[in-house]
Amino acid sequence: MAPNETDDTTTAGEVEEPRAGRRKAARYVVPVTVMGVAAATIGLVPALADSGDPDLPDVTAAQLIEKIAQSDVERLSGTVKITTDLGLPDLGGLESGLLSGAAGGEDGEGGSSADPSGRLTELASGTHTLRVAVDGPDRQKLSLLENAAEYSLIHNGKDVWGYDSASNEVYHTTVDEADAEERSAQQPPATPKDFAEEALKAVDDTTSVKVDGTAQVAGRDAYRLVVEPKQSGSTVGAVSIAVDSETGMPLKFTLTPSSGGSAVVDVGFTKVSFDRPDASTFAFTPPKGAKVTEDTEQDRGHGDFGGKPERGPKSEEDLAKGFDGLRMLGEGWNSIATFDTGAGAGLPTEEEAGDLGGFLGSLGDQVKGDFGKGTVFSTRLVNALITEDGKVYVGTVTKDALVKAAEAGK
């Protein structure tokens with residue numbers, strides 16, 4: 001059977017055999033909280049070539065997942081094209097401003113336009129081009145290309161530099177080896193590998209995984225792995241991962257919604273090389289006249305790129321410590337996180353809050369049920385229901401699924 005004809009399908013039991021590989025893959029997974037999915041999600045302009053699918057040996061889904069897990073690429077350079085379509089309302093820049101402010105970015109008090117905690121949130125919307133370079137765990141560079149300007153984030157040994165050419169501002173901090181891995185794990189996903197390994201965490205008995213042909217990405221032959229929910233009710237339609245046939249590294253990641261239309265997330269390389277980048281790539285000296293902000297341990301906020309990270313929640317029990325009574329409902333792709341903000345702490349009505357209530361109401365859909373009344377705030381991927389008595393239900397599920405969960409939990 002040719003690769004593009006395969007209907008090989010596997011579930012969690014088949015995938016779990018290569019345990020050593022799974023442990024290795026897990027080291028690179030980017031943890032994203034339920035509410036952070038929308039903020040961290042970035043996508044990419046399609047990079048698949050139209051020149052015909054390559055002829056590659058047959059592989060099973062389990063073998064391809066094992067190949068991803070065993071991929072040991074530590075050196076590369078290339079270009080990534082990024083776009084996202086979450087279906088958020090056009091608020092004239094309010095969305096990006098809120099994201100930047102929430103992260104303590106350039107609009108925050110005392111912030112620098114070169115601080116990565118604010119700049120990287122720009123990847124949550126719009127279309128972007130990135131240049132990336134990696135030489136092992138101690139040297140990485142990511143450059144966000146803009147109109148007549150560039151923002152670069154460089155990690156070279158103990159030094160982390162951010163440079164905004166538009167404002168000629170520089171951000172600098174230092175990190176120790178013990179913090180490096182956790183710091184890296186807290187960054188928004190920015191490559192197909194980041195997204196692919198996060199998606200593969202969801203593979204269980206509620207998931208169908210199959211090899212669906214081949215493709216060329218950035219001039220390299222790749223297999224196409226397709227991951228789909230078996231359940232109805234999820235906003236996720238399918239995840240497609242183009243896996244380099246030689247190295248096992250994911251080269252392209254596409255997430256399409258169950259509602260149809262364009263991809264919500266589409267991340268891929270347009271150019272890639274696995275040669276060692278030149279050492280000068282990671283060298284940085286502040287330009288003459290640049291404003292330099294030194295981020296000391298006392299100044300830095302927890303979770304910032306250069307700062308000592310807070311250890312994020314690893315389990316439902318850990319998550320519950322950060323939220324009042326957080327519970328997970330359902331399973332697999334239909335999981336819903338719910339917590340109580342306190343009786344009567346729901347969104348204000350229009351009568352209670354005047355213009356603010358009307359504004360917030362205009363961003364969501366009013367719903368009713370056995371639980372009472374509430375407002376559903378929707379994107380093409382993540383939906384959240386806030387009831388009038390202050391309960392919150394959120395997940396990558398449909399509005400109807402949230403209403404049913406609220407009715408069951410009343």
Q: Evaluate the side-chain contact (heavy atoms from CB on, under 4.5 Å) criterion for residues L381 and V236: first the C-alpha distance (whole Å), next the side-chain angles of each, then the deciding distance (0.1 Å), finally the verdict.
A: CA-CA 7 Å; L381 185 63; V236 177; 3.9 Å; yes
To the nearest 0.5 Å, what is the distance between [atom1] on [X] and [atom2] on [Y]?
| X | Y | atom1 | atom2 | value |
| --- | --- | --- | --- | --- |
| T206 | Q231 | OG1 | CD | 4.5 Å |
| F371 | L402 | CZ | CG | 9.5 Å |
| E66 | T60 | CD | OG1 | 10.0 Å |
| I65 | L225 | CD1 | CG | 5.5 Å |
| N334 | S232 | CG | OG | 7.0 Å |
| R131 | L145 | CZ | CG | 4.5 Å |

Between [X] and [Y], a side-chain donor and acceptor under 3.5 Å:
| X | Y | value |
| --- | --- | --- |
| Q216 | D53 | no |
| S245 | D221 | no |
| T207 | D204 | yes |
| S240 | T254 | no |
| T375 | Q366 | yes |
| S113 | S167 | yes |
| E169 | S112 | yes |
| T174 | D159 | no |

Q.
One thing to verify: whether E74 and R139 come together as a salt bridge, which I'm taking to mean a side-chain N less than 4.0 angstrom from a carboxylate O.
A.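 Salt bridge: no.
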Q: Determine, for D212 against R224, whether the closest basic-nitrogen to carboxylate-oxygen distance falls under 4.0 angstrom.
A: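 No salt bridge links D212 with R224.
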Could you tell me which non-hydrogen atom of [X] sits nearest to which non-hydrogen atom of [Y], and how far apart they are?
| X | Y | answer |
| --- | --- | --- |
| P250 | I68 | CG-CG2, 4.1 Å |
| Y223 | V211 | CD2-CG1, 4.5 Å |
| A401 | I336 | O-CD1, 3.8 Å |
| M328 | S335 | CE-CB, 4.1 Å |
| R75 | P277 | CB-CD, 4.4 Å |
| K399 | N383 | N-ND2, 3.9 Å |

Q.
Given Y171, which partner from the list D295, T293, D115 fulfils the side-chain hydrogen bond (donor to acceptor under 3.5 Å, both in side chains) test?
A.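 Filter result, single survivor: D295.
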Student check: side-chain heavy atoms of [X] and [Y] closer than 4.5 Å:
| X | Y | result |
| --- | --- | --- |
| E146 | H128 | no |
| V73 | F274 | yes |
| V227 | L200 | yes |
| I82 | L130 | yes |
| R220 | T247 | yes |
| V376 | I386 | no |
| V209 | V226 | no |
| V382 | V394 | yes |

(Q) If you count every heavy atom of other residues, nucleotides or ligands that lies below 6.0 Å from E150 atom CD, does the total exceed 12? (A)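 Yes, because the 6.0 Å sphere around CD of E150 holds more than 12 heavy atoms from other groups.
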Q. Passes side-chain contact (heavy atoms from CB on, under 4.5 Å), T270 versus V80? Steps please.
A. CA-CA 6 Å; T270 57; V80 177; over 6 Å; no
Answer yes or no: is there a donor N or O on one side and an acceptor on the other, between the side chain of [X] and the main chain of [Y], under 3.5 Å?
| X | Y | answer |
| --- | --- | --- |
| R119 | L153 | no |
| S165 | A149 | no |
| T235 | P257 | no |

Q. Does the pair V160 and V175 meet the rule for a side-chain contact (heavy atoms from CB on, under 4.5 Å), with working shown?
A. CA-CA 7 Å; V160 174; V175 295; 4.2 Å; yes
Q.
Would you say the rings of F284 and Y163 are close, in the sense that their centroids are separated by under 6.0 Å?
A.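 Yes, they do, as the ring centres are separated by less than 6.0 Å.
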Q: Could you walk me through whether K141 and T281 pass the side-chain contact (heavy atoms from CB on, under 4.5 Å) test, one step at a time?
A: CA-CA 8 Å; K141 181 176 181 179; T281 303; 4.1 Å; yes
